[in-house]
There are 2 protein chains.
Amino acid sequence: MTDRLEAQFAFLNEADRLKSVLRATTLCDASRPENSGEHSWHLALYALVLADQAGPGVNIDRVIRMLLLHDLVEIDVGDVPIHSQNGTAHGSAETQAAEARAAERIFGLLPGDLRDDLRALWEEFEAAETPDAVFAKSLDRVQPVMQNLACGGGTWATYDVTFDQLESRVGVKIARGAPRLWDWVRCKVRPWFG
Amino acid sequence: MTDRLEAQFAFLNEADRLKSVLRATTLCDASRPENSGEHSWHLALYALVLADQAGPGVNIDRVIRMLLLHDLVEIDVGDVPIHSQNGTAHGSAETQAAEARAAERIFGLLPGDLRDDLRALWEEFEAAETPDAVFAKSLDRVQPVMQNLACGGGTWATYDVTFDQLESRVGVKIARGAPRLWDWVRCKVRPWFG
Ligand SMILES: [Ca+2]
């Protein structure tokens, strides 16, 4: 028991560091960059509130679990903004390899059973193939769009993004898991791009 | 559909403000105060990782949902530190009345079905009677203890807390939902108080 709790808290204390990983996106009031810990909370709340946008076969509680874990690898790798380096850095082979090493280290702090379960959930999210992972990815893409809209442009201005780039880098992935949601959000954001 | 999404996002954008509510507790590295948004994320992760500390009849997914919502009223009321005003401010009648008004306003942004469901979950947490709520409360009490321990004292030093005060304000509530967890944490924190 004691050794198990030591391992559980080694992981939970390490997870605290995600609160110091800054994203390109800001809070809705643009007062400061959002960190990846509070971003993960907000996404879990998105899943709870937008559950009716999920397709059949989606288990919202599994989606929430995935979203709670999905950014932990950023403790080692940092956040790679989707529009940075003209959209080429996010999801590159180098980033993926670094994230796999980070997952090995961070989930490896846990007792074996939890390590395997939570790492499998993270890998399912990354693979974006199951209905739960596809919906979770849609929410991860739509939240920064709503933050940008609330603060008057945000990373669209920072990275000089066009509407076509938004549609191909972000919209397509939102639509994959939540098509009606993207229809609605698309109409909201279109005017910003003039 | 459109009106429903307007209401869902009115709530989700309002929730963003919880990231600007500061707690007395700091991050583990003491670099800055923790905010209530990232705290809520950390607690949900606690529930996921410490599920084996829950008693029979606890549904961890409901606990996670409760923890995601439990601090939203602080957008209006702010965080009331457990050790402030010599332990008397937290849970006072005034605080409870203000939190009920905040819940009315904030959950009231949602479509009616979601408003009722999520508000009921928040009220269940506040009442601390069901097994799910009792376990959620235990986690809410144990996380600041672990943060204080990691950063060398934190709010115990700020508010000049004694071990007996920690035991009565915090330990009793941790033990109620997670007795073995408090046994373990108690041994960890005892030496700090000399
Ligand atoms: Ca990310």
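All chains are named by letter (A, B, ...) in the order of the sequence lines, taking the proteins before the strands, and each is independently numbered beginning at 1. Worth knowing before you read on, the calculation uses all heavy atoms, side chains too, and leaves out hydrogens, waters and symmetry mates. Fair warning: this is a prediction, and the values are worked out from it, not measured in the lab.
Between K19(A) and E38(A) there is no salt bridge, since none of the side-chain N atoms of the basic residue sits less than 4.0 Å from a carboxylate O of the acidic one.
With a 4.5 Å cut-off on non-hydrogen atoms, L43(B) does not touch chain A at all. Looking at L50(B), both its backbone and its side chain come within 4.5 Å of chain A, counting heavy atoms on both sides. Interface remark: L45(A) contributes backbone and side-chain atoms alike to the contact with chain B (heavy atom separation under 4.5 Å). Contacts of D183(B) with chain A are absent, with no heavy-atom separation under 4.5 Å from either backbone or side chain. In this structure, the portion of L114(B) lying under 4.5 Å from any heavy atom of chain A is its side chain and not its backbone. Heavy-atom distances place no part of D117(A) under 4.5 Å from chain B, backbone and side chain included. Interface remark: R17(B) contributes no atoms to any contact with chain A (heavy atom separation under 4.5 Å). For L110(B), the part lying near chain A is the side chain, with the backbone staying farther off; criterion is any non-hydrogen pair under 4.5 Å.
Using modelled atom types and a 3.5 Å distance limit, the side chains of R65(A) and N59(A) yield no donor-acceptor pair. For the 3.5 Å distance criterion, the side chains of D52(B) and Q8(A) qualify, holding a donor opposite an acceptor.
Looking only at distances, a side-chain donor or acceptor of H90(A) sits under 3.5 Å from a matching main-chain atom of V80(A).
When each of H39(B), K188(B), Q143(B), R62(B) is checked for heavy-atom pairs under 4.5 Å with chain A, K188(B) comes out on top. In terms of non-hydrogen atom pairs under 4.5 Å with chain B, the most contact-rich of L67(A), L18(A), D61(A) is D61(A). Counting heavy-atom pairs closer than 4.5 Å to chain A, the top residue among V185(B), D29(B), N35(B) is N35(B). Between chain B and the options L181(A), N13(A), L27(A), the largest number of non-hydrogen pairs under 4.5 Å is found for L27(A).
Heavy atoms only, all atoms of each residue included: A103(A) and V73(A) are closest at N-CG1, 3.7 Å.
Taking the centre of each ring, F163(B) and W192(B) stay at or above the 6.0 Å mark.
A side chain to side chain donor-acceptor pair (under 3.5 Å) with T155(B) is found for exactly one of T25(B), N148(B), T26(B), namely N148(B). Of the candidates R190(B), K173(B), R186(B), R186(B) is the only one forming a salt bridge (charged side-chain N to carboxylate O under 4.0 Å, His left out) with E167(B).
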